[in-house]
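What follows is a set of notes on a single structure, which appears directly below.
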Number of protein chains: 2
Amino acid sequence: MTTIYDIAELSGYSITTVSKVLNDYPNVSQKAKKKVMQAVDELGYTPNSSARTLVTNKSWLIGVVFSENLGVGIAHPFFSEVIESFKKHVELYNFDLLFLSRNRGLEQETFNHLKHRGVDGVVVVQAFGDNMVNIDESPFPIVFIDLPVDRPSSVHSDNRHGSKLAVDHLVDLGHKKIAHIMGEQTVFAADERIKGFKKAMESHNLAIPETYMVSGGYFSYEGGREAMIKLLANQDKPTAVVVSGDMMAIGAMKVIEEAGLKVPDDISIIGFDDIAIAKHTNPPLTTIKQDKELIGRQAAIMLLDKMNGETKQYTKVVPVQLIKRGSCRAL
Amino acid sequence: MTTIYDIAELSGYSITTVSKVLNDYPNVSQKAKKKVMQAVDELGYTPNSSARTLVTNKSWLIGVVFSENLGVGIAHPFFSEVIESFKKHVELYNFDLLFLSRNRGLEQETFNHLKHRGVDGVVVVQAFGDNMVNIDESPFPIVFIDLPVDRPSSVHSDNRHGSKLAVDHLVDLGHKKIAHIMGEQTVFAADERIKGFKKAMESHNLAIPETYMVSGGYFSYEGGREAMIKLLANQDKPTAVVVSGDMMAIGAMKVIEEAGLKVPDDISIIGFDDIAIAKHTNPPLTTIKQDKELIGRQAAIMLLDKMNGETKQYTKVVPVQLIKRGSCRAL
DNA sequence: ACTCCTTAGGAAAGCGCTTTCCACTATAAT
DNA sequence: ATTATAGTGGAAAGCGCTTTCCTAAGGAGT
C-alpha cells in the first residue's frame, strides 16, 4: 500500500507538505503542489480513510437503519424508493452510505454498532419503535422517516389527510358504504390513516359498522387478501374500501375477482402509497400517492443540516396526493 | 468519546490487557476479564473501528458497486432482491455493506474510492462494462453479478436456457409465429437471451421474420410498450412473444390491451425475471424466473471464499425456471 | 536451594494520517 | 542597516487501537 510517506519521498517534500497539498492548504507553493501531484499520479496513491477518520473524527459515512415488516429488506416496494432518493441527495455532499449487518431497528446493539463505525449521521427508516434506544445522548444526529411516534426531526407523509382525500373521493363518487382495510395499528402510519379515515367518515356523517374495519396486518399482499375475505363475509357488503397500503389493495382486488365480482363495478378500491406497480395492475389502482422522492430528500436535507450544527428540531410533514386511476367508479 | 485508555484507568489494568480482553486473547486472568468488562459496561465503551482497521488492515466492509439502466437505483425490481439476498448472507459473517456515492459502475473513480475506504471485498452488480477498470491488480477480491462479458468470478442466470424454456413452452402450446422483444444488446443478459431465443427457434425449425425481433431498450415499461407497438404493426402478427424482461412484458401487455386485443386470447406473452409484481398483473404473467435469492447467495459465498484466500476463479450459472401463469394459452 | 517453565501483565512501537507550532528565507517597510 | 511581514516548509505530537516482545512472579521438579 502506498502511503503519504512514499509520496513524500518521491516528491522530495515532507509528509506535512504532502498532506497540505492533498487537503488544499494555503501555504504551499505551486511548485510543491505540482511535484506532489505528480508523485500521487505516478504511484496511484489513494489516501486511507481510516487514518484520516481517526484523526479528523469525521467518517463521511451515513448509517442507514432500515427495518420493515414485510421481510423483503432493501427490496421493499415503498421504502426502497425513499432510500434511493435519500441516497441521491446525500451523495451530492460526498457521503457514503453504510448498511449495517444484523440491523433490527434502532436497538442498543445497532446503536453501538453505529458508534463503533463512527458514522457522521444516521437515518432511521422504521415504522415501529419497540426497543428503541434512548437517543438523547447520541453522538451523531439522527433523522427518522415514518417514525413510530411524534418525535423531533422526522419526516413522514400527511397520512391523516391521505385518508381524508380517499374518503372524500369515494363520497364524491356517491359511495356511502365505505370500509377500511387497516394496517397493523402499532405501525405509526397505519394508525394515522385509521384516525384520518374515521374522522373523514364522521365529517360526512357516515357510520362505520364495526365489521367494516379489518386489519390487513403488515401491509402485505396476503394480509390484504385475508382482510378482504372478511369484508366480503358481510351481509351488507361495502361498495368501496379504503386500503391502507397498495400491496394490500392488490391482494384485496384479487380476492374480489376470485369471488366473481369486479373492480370497480361491484366494489371500488383505493390504495395508499402509489408504489411502482400500482399503475400496472388491472384495473390500474386509484391510490393516495406518497411523495417518496420528497420524503427522501427532506430527510437528507434535515440530516445534512443537523450535521452542520443545526440544533432546531422539527417534523416535516410531506403532502400526499390523490391519483385517480381505474379502481374506483361512481355509484 | 471513551477510549481503551479510560477502560484501562477504571479497571486498573494496562491498555494492553484491555485490548487482550476485548479480543479474546489467552493470557488474561478471569479476574482481569471481569474487571475490564465491568469498566466497559460502566462507561458504555465501544471500540473505534477506524483505529482498529488502521492497524489490522481489515475493515469488515464490503463495497457494493451497483449501476443499472432504469435509473431507479436501489429500487430496481430485480437487482434489489439480489442485493438483499447477498446482504443477508454476508451479514452472517459480520460484514457491513458500503454503498458508494457517485458510483457509476466500476470505473477508475469508483475503484479509487473503494481503495480509499479499504473495503475487504466488492460485489459488482452491473449489466454493462464500458469503462470498467482493470481489476487484475485489485487489492481486494471482486465478484460480479450479471457481468458484461464472460469473466472469472461471476454469477448469473442461465439466460440462454431461459429463452429455450420460453420458446419450448410456446411451441408446446402450438405457437409457431413467435416474436422476441429484446433488451438492449450491449447488456450481457439481453444478448444471451437473444442467442438462446434464436437457437431454440432454430431447433424447432421455426423461422424468425426480421420484423419479429425488436428491441425494448433498457428493460423499461416504456421500452416494452414501444417495442410492442412495432410488433403490432406487422401484417402477419405473431401469436406469441417472448419478452426479455418482466417490466417490458407488462408494458407490452398494456399496449395489446389498448389495441383492443386480449392477452392471452389474441397474443400470448412470456416474460423474464419473475419480479415481485409479475404474479399480480392481469392476467398474471407467465415468465422465466431468475432465482434472485440464489444468485445473491452464490455471490456472497464466492466473495467470502475469496476473502478467505481462495484463488480459484470460476463462474456460477444459476438455473432458471418456467413459471406458468395466465399470459399464455394454447392455440 | 536452585533452575526451568508457565502464566499474567505491561512497555513501546507503529498503523497512515492531520494539525499545531516553529524555523527559515526573501522581501518590504522604516 | 534594521526590523517587520509574508510566504514556505518541516518536526513532532497524537488520533485509538493491536501486537510484539519482555519482565516478573509463582510453582514444579530436582
Side-chain angles (χ1 to χ4, degrees), chain A residues 1-40 43-61 112-120 139-140, chain B residues 1-40 43-61 112-120 139-140:
Chain A
M1 188 183 198
T2 68
T3 73
I4 209 172
Y5 286 90
D6 302 320
I7 304 298
E9 196 171 349
L10 182 58
S11 65
Y13 286 92
S14 72
I15 63 158
T16 303
T17 302
V18 173
S19 176
K20 284 179 179 169
V21 170
L22 261 26
N23 293 286
D24 275 328
Y25 270 60
N27 298 345
V28 195
S29 64
Q30 286 303 320
K31 186 177 153 206
K33 273 187 191 164
K34 201 178 142 198
K35 287 212 136 196
V36 165
M37 292 316 290
Q38 242 168 21
V40 165
L43 300 183
Y45 167 77
T46 325
N48 177 314
S49 73
S50 295
R52 187 174 279 178
T53 296
L54 186 56
V55 27
T56 59
N57 215 17
K58 167 120 187 165
S59 65
W60 293 98
L61 237 37
N112 285 344
H113 199 149
L114 252 6
K115 270 170 61 183
H116 167 242
R117 283 296 188 183
V119 296
D120 293 336
F140 39 73
Chain B
M1 189 185 199
T2 68
T3 72
I4 209 174
Y5 286 90
D6 302 319
I7 305 299
E9 196 172 349
L10 182 58
S11 65
Y13 286 93
S14 72
I15 62 158
T16 304
T17 302
V18 172
S19 177
K20 285 178 178 170
V21 169
L22 260 24
N23 293 285
D24 275 329
Y25 271 58
N27 298 343
V28 194
S29 66
Q30 286 304 319
K31 186 176 153 208
K33 273 188 192 163
K34 200 177 144 199
K35 286 211 138 197
V36 167
M37 291 316 291
Q38 242 167 21
V40 165
L43 300 183
Y45 166 77
T46 325
N48 177 315
S49 74
S50 294
R52 187 174 279 179
T53 297
L54 186 56
V55 25
T56 60
N57 215 16
K58 167 121 188 163
S59 65
W60 293 98
L61 235 38
N112 285 345
H113 199 147
L114 252 6
K115 270 170 64 184
H116 168 242
R117 284 295 188 185
V119 296
D120 293 335
F140 38 73

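Here is how names work: the chains are called A, B, and so on, in the same order as the sequence lines, proteins then strands, and each is numbered from 1. Everything quoted here is computed from the prediction, not taken from an experiment.
- The nearest whole Å value for the distance from the CG atom in B:Leu54 to the C1' atom in C:dG14 is 9 Å.
- Atom pair A:Arg52:CZ and C:dC17:C1' shows a separation of 8 Å (rounding to whole Å applied).
- Rounded to a whole Å, the OH atom of A:Tyr25 is 16 Å from the P atom of D:dG10.
- Counting to the nearest Å, the P atom of D:dG16 and the NE2 atom of A:His116 are 14 Å from each other.
- Look at A:Thr56 and you won't find any side-chain N or O under 4.0 angstrom from OP1 or OP2 of C:dT18.
- Among the nucleotides C:dT18, D:dG9, D:dT18, the one closest to any side-chain atom of A:Tyr13 is D:dG9.
- Atom NZ of B:Lys115 is surrounded by more than 12 heavy atoms from other residues, nucleotides or ligands within 6.0 Å.
- Residue B:Phe140 comes nearest to B:Leu114 through the heavy atom pair CZ-CB, 3.6 Å, listed as atom of the first residue, atom of the second, then distance.
- Each of B:Lys31, B:Gln38, B:Gln30 was evaluated against B:Lys34; a single residue qualifies, B:Gln38, per the side-chain contact (heavy atoms from CB on, under 4.5 Å) test.
- A donor-acceptor contact under 3.5 Å links the side chain of A:Lys20 to the base of D:dG10.
- Within the structure, every side-chain polar atom (N or O) of A:Thr53 is placed at least 4.0 Å from both OP1 and OP2 of D:dC15.
- Atom CG of A:Asn27 and atom C1' of C:dC22 are 13 Å apart (whole Å).
- For A:Asn23 and C:dT18, the shortest distance from a side-chain N or O to OP1 or OP2 is below 4.0 Å.
- To the nearest angstrom, P of C:dT18 lies 12 Å from CG of A:Asp24.
- B:Ser14 contributes no side-chain N or O that forms a donor-acceptor pair with the base of C:dA11 under 3.5 Å.
- OP1 or OP2 of D:dC17 has at least one side-chain nitrogen or oxygen of B:Tyr45 nearer than 4.0 Å.
- When each of C:dG9, D:dG10, C:dC17 is scored by its nearest atom to the side-chain atoms of B:Thr17, the top-ranked nucleotide is C:dG9.
- Atom NZ in B:Lys115 sits about 15 Å away from atom C1' in C:dG16, given to the nearest Å.
- In this model, a side-chain donor or acceptor of A:Thr16 finds a partner on the base of D:dA11 within 3.5 Å.
- In this structure, the CD1 atom of A:Ile7 is 15 Å from the P atom of D:dG10, given to the nearest Å.
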